[in-house]
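Report on the following structure.
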Amino acid sequence: MVSSVSPLSDVDLRQLRIFRAVVDHNGFTAAQDELGLSRSTISAQMAALETRLGLKLCHRGRSGFSLTEQGQKIYAEAIKCFAALENFRKEVGVMRGGLVGELRIGAVDALVENPKCRLSETLALFNDRVPDVNPTVMVLSPNQLGSALINKQIEIAIVANQPLNAALQLETLFHEEQNLFCSSGHELFHAEPKSVTLERISTLPYARRGYTIATAYNSVFAHPPTATAYSMEGLAHLVLSGRFVSFLPCQYAERWVERGEMRALRPDLVSFQIGMCVAHYPVSTLSQVAEIFRTCLMEMHAPRRKNR
């Protein structure tokens, strides 16, 4: 006979929140700052949760942190549980005449340098309209953002225009220009532009983005990548090494260009633009708080969409 689990207590929910944070940060140590707890306390709470549930949730040790199959299922159910609790809190707030709670927002990295991105102004407008709602901004890779939306870890995100789950909708906010960059230590940094032909570029060692397949790489280079990064900062490090070229957002690379540490290689031939979008489930299914944030985003970016 399978025994059932007794009703969840406040202690159980606290331990589940700790478990979620540990999984989100891929380990005990990385979760310390968010939780404000010591590693030993987190470990003790995780052990207590495993005892409470009668399940082994994760492996931890020298080999690193990983979830068991049971841990993966409990994590998925915990996400649903907290989403339901947050929705309950929001609905009670609506009935009492105000909006409260938390809105978890996702965004790709390197947006803050782009003047076309008005996320900071959007957050200010959102705070003016719903001051009792706490925004949480999570900067993740596009693949992670897609998964986070599907798993209800976040409700809304700013992502590059690329295929996501069919259930998600994309609305364009602005466009971002990307160029192929090399650093001052690269063989082509001082080359005359006319000597940098497409044929020559196609043979260069390059660094790709590991989280997505970019058609620009496929159309420009005649061979596989020789380096990979999962963030713009990682790509910048690879470019600055002088050994690789890579596509970077122009505004992001501008600081190094101004210092004479990077240059764009033939932007007249290999630059491209990509739409930056707000991604979410159908508007009719969004929480009231998420819909307000979406409206703020669209309002703040509307002039830019007209003038792009």
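When a residue number appears, it is its place in the shown sequence, counting from 1.
Ion pairing of Glu192 with Lys194 is absent here, as no side-chain N (NZ or NE/NH1/NH2) approaches a carboxylate O to less than 4.0 Å. Ionic pairing of Glu299 and Arg129 is present here: one or more N-O contacts between side-chain nitrogen and carboxylate oxygen are shorter than 4.0 angstrom. Salt bridge present: Arg255 and Glu113 bring a charged side-chain N and a carboxylate O closer than 4.0 Å.
Here the side chain of Ser241 pairs a donor or acceptor atom with the backbone of Leu238 at under 3.5 angstrom. With hydrogens and angles disregarded, a donor-acceptor distance shorter than 3.5 Å links the side chain of Thr295 to the backbone of Glu291. The backbone N or O of Lys56 sits less than 3.5 Å from a side-chain atom of Thr68, completing a donor-acceptor pair. A donor-acceptor distance shorter than 3.5 angstrom exists from the side chain of Arg263 to the backbone of Phe189, with no hydrogens or angles considered. Remark: side-chain polar atoms of Glu50 are paired, donor with acceptor, to backbone N or O of Leu57 under 3.5 angstrom. Side-chain N or O atoms of Asp24 include none that pairs as donor or acceptor with a backbone N or O of Ala21 at under 3.5 Å. Side-chain atoms of His186 come within 3.5 Å of backbone N or O of Leu188 as a donor-acceptor pair. For the pair Thr285 (side chain) and Pro282 (backbone), a donor-acceptor distance under 3.5 Å is present. Counting only distance, with no hydrogens or angles, the side chain of Ser246 and the backbone of Ala207 share a donor-acceptor pair below 3.5 Å. Using modelled atom types, one side-chain atom of Asp109 and one backbone atom of Met232 make a donor-acceptor pair closer than 3.5 Å.
Distance check, rounded to the nearest 0.5 Å: CD of Glu177 to CZ of Phe272 gives 9.5 Å. Note: Cys58 SG to Ile74 CD1 = 12.0 Å, rounded to the nearest 0.5 Å. One distance of note links CG of Leu37 with CD of Gln32; it measures 8.5 Å at 0.5 Å rounding. Separation of atoms CG (Asn127) and OG1 (Thr122) is listed at 12.5 Å; rounding is to 0.5 Å. In this structure, CD on Gln169 lies 12.0 Å from SG on Cys277, to the nearest 0.5 angstrom.
Scored by the side chain to side chain contact (heavy atoms under 4.5 Å, CB included) test, Gln45 finds Arg14, Gln15, Ile18, Thr41 as partners (sequence neighbours excluded). Residues passing the ring pair (Phe, Tyr, Trp, His ring centres under 6.0 Å) test with His223 are Tyr206, sequence neighbours excluded. Not counting sequence neighbours, Tyr75 has no partner by the ring pair (Phe, Tyr, Trp, His ring centres under 6.0 Å) test.
Here the closest heavy-atom approach between residue Leu180 and residue Phe247 is recorded as N-CD2, 3.7 Å. In terms of heavy atoms, Ser183 sits closest to Gly242 at OG-CA, 3.2 Å. Between Leu111 and Phe174, the shortest heavy-atom distance links the atoms CD2-CZ, 4.1 Å. Contact detail for Ser202 and Val220: the closest heavy-atom pair is CB-O, 3.2 Å. Between Val133 and Phe126 the shortest heavy-atom distance is CG1-CZ, 3.8 Å. Across all their heavy atoms, Ala236 and Tyr252 have their closest contact at CB-CE2, 4.0 Å.
Counted by atom type alone, Glu176 and Gln178 present one or more donor-acceptor pairs between their side chains at under 3.5 Å. With hydrogens and angles left out, the side-chain atoms of Glu199 and Thr203 include no donor and acceptor closer than 3.5 Å. Counting only N and O atoms by type, the side chains of Glu155 and Ser287 include a donor and acceptor under 3.5 Å apart. Between the side chains of Thr136 and Arg104, no donor N or O sits under 3.5 Å from an acceptor N or O.
Val159 places none of its side-chain heavy atoms less than 4.5 Å from the side chain of Met276. Taking the side chain as every heavy atom from C-beta outward, Arg17 and Cys81 never approach each other to under 4.5 Å. Contact check for Ile158 versus Leu119: side-chain heavy atoms found under the 4.5 Å cut-off. In this structure the side chain of Leu123 reaches within 4.5 angstrom of the side chain of Phe293, judged on heavy atoms. Side-chain contact check for Asn143 versus Gln162: some heavy-atom pair is nearer than 4.5 Å. Two residues are said to be in side-chain contact when any heavy atoms from C-beta on lie closer than 4.5 Å; Ile201 and Val245 fail this criterion.
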Checking side chain to side chain contact (heavy atoms under 4.5 Å, CB included) for the pair Gln153/Ile79: CA distance, chi angles, key distance, verdict?
CA-CA 7 Å; Gln153 294 171 273; Ile79 293 298; 3.7 Å; yes
For side chain to side chain contact (heavy atoms under 4.5 Å, CB included), just list the numbers for Ser195 and Arg200, CA-CA rounded to whole Å, side-chain angles, deciding distance to a tenth of an Å, and then say yes or no.
CA-CA 8 Å; Ser195 70; Arg200 190 172 183 185; 4.0 Å; yes
Which is it for Tyr230 and Ser141 under the side chain to side chain contact (heavy atoms under 4.5 Å, CB included) test, yes or no, and what are the steps along the way?
CA-CA 7 Å; Tyr230 288 82; Ser141 74; 5.6 Å; no
Verify side chain to side chain contact (heavy atoms under 4.5 Å, CB included) between Arg266 and Asn179, making sure each step is shown before the conclusion.
CA-CA 8 Å; Arg266 295 303 300 268; Asn179 285 343; over 6 Å; no
Kindly determine whether His280 and Glu171 satisfy side chain to side chain donor-acceptor pair (under 3.5 Å), including the steps that lead there.
CA-CA 9 Å; His280 51 75; Glu171 298 177 274; 2.7 Å; yes
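The side-chain tip of Lys152 does not point at the ring of Phe82 from less than 6.0 angstrom away and within 45° of straight on.
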